[in-house]
Amino acid sequence: MNEAYLWYQEVPSVDAALAQFSNVNNVTASLGAYFDALLTTTRTPSGKLKDEFSFIFPTAEWNALSQGGTTAGYGIEWILGSPTPPRNLRVAYVDPATPAANAAVTRGVRVVSINGVSIDDVTATGIATINEGAFSPRPGTTYTFVLENLVGARSTVALTATTVTKVPVQNAQVLTVGTSRVGYLTFNDHIFPAEGQLANAFATFAQQGVSDLVLDLRYNGGGFIYIASQVGYMIAGATRTTGRTFEKLRYNDKRTADNNDPDNTIPFYPSASGFPGSGTTANAVLPQLNLSRVFILATAGSCSASESIINGLRGIDVEVILIGRTTCGKPFGFTAKDNCGISYFPIEFQGTNNKGFGDFADGFAATCAVADDLSKPLGDPTEAMLAAALTYRSTGACPPASAVQRQGLSASTAGKLVRHPVRESKYR
């Protein structure tokens, strides 16, 4: 922390006893208490903690998720309305070819109970059942869910937890709008498998001559910066990006070598990495759309490397029209430090764009404020956020609030995505 932490001057004076293994059965928890106590307590102008993001994580799990896109569960991404009753736990989306997809679990359904325990149970035993069943299921164990769909009909579904593979790029399609073609895709994680999936989607968009793009980042918490840079290149093209900086990494004042290292000035990458698991060939030229504007669907769940796409494009004067809600506000990132099976992720750098801007700790505000519409599938042109983007594209103005409310009224929620900080981060 003293060497690498961006805000090392703000580390509190901490009792070293916190470093002792108070929980011999869970070393990660014991070290986590000490690690958390060392974080800055300074707040942003809006009042939120400046560092909401540093964390520690088992190295094996980090490698599995970041490199292979695998994690334990059913393939469900959850939105939690509130940690206290009424909790309003709903399905944001389901990854294909997972236990949830095979059981026909769909976006927007609400959890009524897990293993017979009401989702609004407040007993210690009940809360433990909810937390395990929904957020940390044991692989090989079957959990019984009672679900309620958007019209109030209930069904019972048995889901067996397993190791699932995330599909970071989904719903890639070309929409015909009048005489124009508009590309749309859902991009959920900046992890290795995303690289090839993104390249394939953008190649299709280029072949079909799309004139606009709607990039859905509403559930994208971030990941590897190099993938964000590639997305920026594929949107803007070579002419707008050549010789421009996508993101400059700025470290603390003790790390002079890092601040002067040209490798920490990240360009708009025009070619594939060829990394194992990426589905790409090293140095293969990436497709490009050569767009001067892009529509991005965003929420408070759009974080870190997702915000780098927004900031990087604005740094080269590509118009970014944000539809949805204010983003999470994380211009910061880190490189994993592995030690004895635990990876440490203290905030190490702040990213700035080609214009030197990186001060968005309170997030990027939406051009058009639209709630997440859980009543429609992602990629449906009538889903409130996508519909608003298409309306803005046609009229140059946000749709009336009444129209947005009608589209999202039955199932919209201001809840929070439930995911570990490992999926709300920016990695070098």
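For this chain, numbers begin at 1 and follow the sequence in order. Quantities reported herein were computed from a predicted structural model and do not represent experimental measurements.
Minimum heavy-atom separation, T84 to S82: O-OG, 2.9 Å. A pairwise comparison of heavy atoms in D189 and Y93 identifies OD2-OH, 4.3 Å as the closest pair. Taking every heavy atom of both residues into account, P99 and L159 meet most closely at O-CD2, 3.8 Å. Between L286 and Y269, the shortest heavy-atom contact is CD1-O, 3.6 Å. Residues N115 and Y143 come closest through the heavy atom pair OD1-CA, 3.4 Å. In this structure, P346 and F334 approach most closely via the heavy-atom pair O-CB, 3.2 Å.
A side-chain donor-acceptor contact under 3.5 Å links Q288 to the backbone of A238. Judged purely by atom type and a 3.5 angstrom limit, R107 uses its side chain to pair as donor or acceptor with the backbone of K376. A donor-acceptor pair under 3.5 Å links the side-chain atoms of S302 to the main chain of L217, judged by distance alone. A side-chain donor-acceptor contact under 3.5 Å links W78 to the backbone of A134. Checking side-chain atoms of Q173 against main-chain N and O of G379 turns up a donor-acceptor pair under 3.5 Å. Proximity of a side-chain donor or acceptor of R314 to a complementary backbone N or O of V320 within less than 3.5 Å is detected. Panel note: side chain T280, backbone G274; a donor-acceptor pair is recorded below 3.5 Å. No side-chain donor-acceptor contact under 3.5 Å links T265 to the backbone of D261. Side chain of T367 to main chain of L322: a donor-acceptor pair is present (N/O by atom type, distance under 3.5 Å, no hydrogens or angles). Put simply, the side chain of N252 never gets that close to the backbone of F349: no donor and acceptor are under 3.5 Å apart.
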**Step-by-step side chain to side chain contact (heavy atoms under 4.5 Å, CB included) determination, L386 to V214** = CA-CA 8 Å; L386 177 52; V214 180; 3.8 Å; yes

**Message:** T186 vs V169, test: side chain to side chain contact (heavy atoms under 4.5 Å, CB included). Steps then yes/no.
**Reply:** CA-CA 6 Å; T186 312; V169 179; over 6 Å; no

**Asked** How far apart are the C-alpha atoms of T245 and N353, what are their side-chain angles, what is the distance that settles it, and do they pass the side chain to side chain contact (heavy atoms under 4.5 Å, CB included) test?
**Response** CA-CA 6 Å; T245 296; N353 65 16; over 6 Å; no

**Asked** Run the salt bridge (Lys or Arg N to Asp or Glu O under 4.0 Å) check on E348 and R255 step by step: do they pass?
**Response** CA-CA 10 Å; E348 293 183 63; R255 299 177 65 175; 2.8 Å; yes

**Request:** Let me see the working for F145 and I76 under side chain to side chain contact (heavy atoms under 4.5 Å, CB included), right down to the final yes or no.
**Result:** CA-CA 13 Å; F145 289 77; I76 295 174; 5.9 Å; no

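Going from atom OG1 of T165 over to atom CG of D95 covers 9.0 Å, rounded to the nearest 0.5 Å. Here the straight-line distance linking atom CG of L49 with atom OG1 of T42 works out to 9.0 Å at 0.5 Å rounding. Note that the CD1 atom of I56 and the NZ atom of K337 stand 14.5 Å from one another [nearest 0.5 Å].
A search for side-chain contact (heavy atoms from CB on, under 4.5 Å) contacts involving P85 returns R87, D120, V122, not counting sequence neighbours. The ring pair (Phe, Tyr, Trp, His ring centres under 6.0 Å) test applied to F295 returns no partner, not counting sequence neighbours. Listed by chain and residue number, nothing satisfies the ring pair (Phe, Tyr, Trp, His ring centres under 6.0 Å) test with Y344 (two or more places apart in sequence, or in another chain). Residues satisfying the side-chain contact (heavy atoms from CB on, under 4.5 Å) criterion with S292, sequence neighbours excluded, are R240. Every side-chain contact (heavy atoms from CB on, under 4.5 Å) that A172 has, sequence neighbours left out, goes to L185, A201, F205. The salt bridge (charged side-chain N to carboxylate O under 4.0 Å, His left out) check on K50 picks up E10, with sequence neighbours excluded. The salt bridge (charged side-chain N to carboxylate O under 4.0 Å, His left out) test applied to D121 returns no partner, not counting sequence neighbours. Applying the ring pair (Phe, Tyr, Trp, His ring centres under 6.0 Å) criterion to F357, with sequence neighbours excluded, gives no partner residue. With sequence neighbours excluded, the residues that form a salt bridge (charged side-chain N to carboxylate O under 4.0 Å, His left out) with R154 are E148. A search for side-chain contact (heavy atoms from CB on, under 4.5 Å) contacts involving D51 returns Y5, W7, L39, T40, F53, S54, I347, not counting sequence neighbours.
For the residue pair Y226/E195, the side-chain donor-acceptor check at 3.5 Å is satisfied. Using modelled atom types and a 3.5 Å distance limit, the side chains of Y219 and E77 yield no donor-acceptor pair. Side chains of T125 and T123: a donor-acceptor N/O pair is absent below 3.5 angstrom, by distance only. N188 and N220 share no side-chain donor-acceptor pair at under 3.5 Å. Side-chain polar atoms of T299 and D372 form no donor-acceptor pair below 3.5 angstrom. For R393 and S180, the side-chain atoms include at least one donor-acceptor pair closer than 3.5 Å. Side-chain N/O atoms of T59 and S343 include a donor and acceptor closer than 3.5 Å. Side-chain polar atoms of R181 and S211 form no donor-acceptor pair below 3.5 angstrom. In summary, the side chains of D216 and Q170 do not present any donor paired with an acceptor at a separation below 3.5 Å, with no hydrogens or angles considered.
Between C328 and E52, every side-chain heavy-atom pair lies at or beyond the 4.5 Å cut-off. With a 4.5 Å cut-off on side-chain heavy atoms, R90 and V109 do not count as touching. By the 4.5 Å heavy-atom criterion applied to side chains, V174 and V182 are not counted as neighbours. Taking 4.5 Å as the limit, every side-chain heavy atom of P139 sits out of range of all side-chain heavy atoms of T141. Side-chain contact between E319 and V294 is absent, with no heavy atoms from C-beta onward closer than 4.5 Å.
Listed by first and then second residue, the salt bridge (charged side-chain N to carboxylate O under 4.0 Å, His left out) pairs involving residues 283-309 are D212-R293 (not counting sequence neighbours). Within the structure, salt bridge (charged side-chain N to carboxylate O under 4.0 Å, His left out) pairs that include any residue of residues 127-140 comprise E132-R138 (at least two apart or interchain).
Remark: aromatic rings of F246 and F268 are close, center separation under 6.0 Å.
In this structure, E383 pairs ionically with R218, as a charged nitrogen and a carboxylate oxygen lie closer than 4.0 Å.
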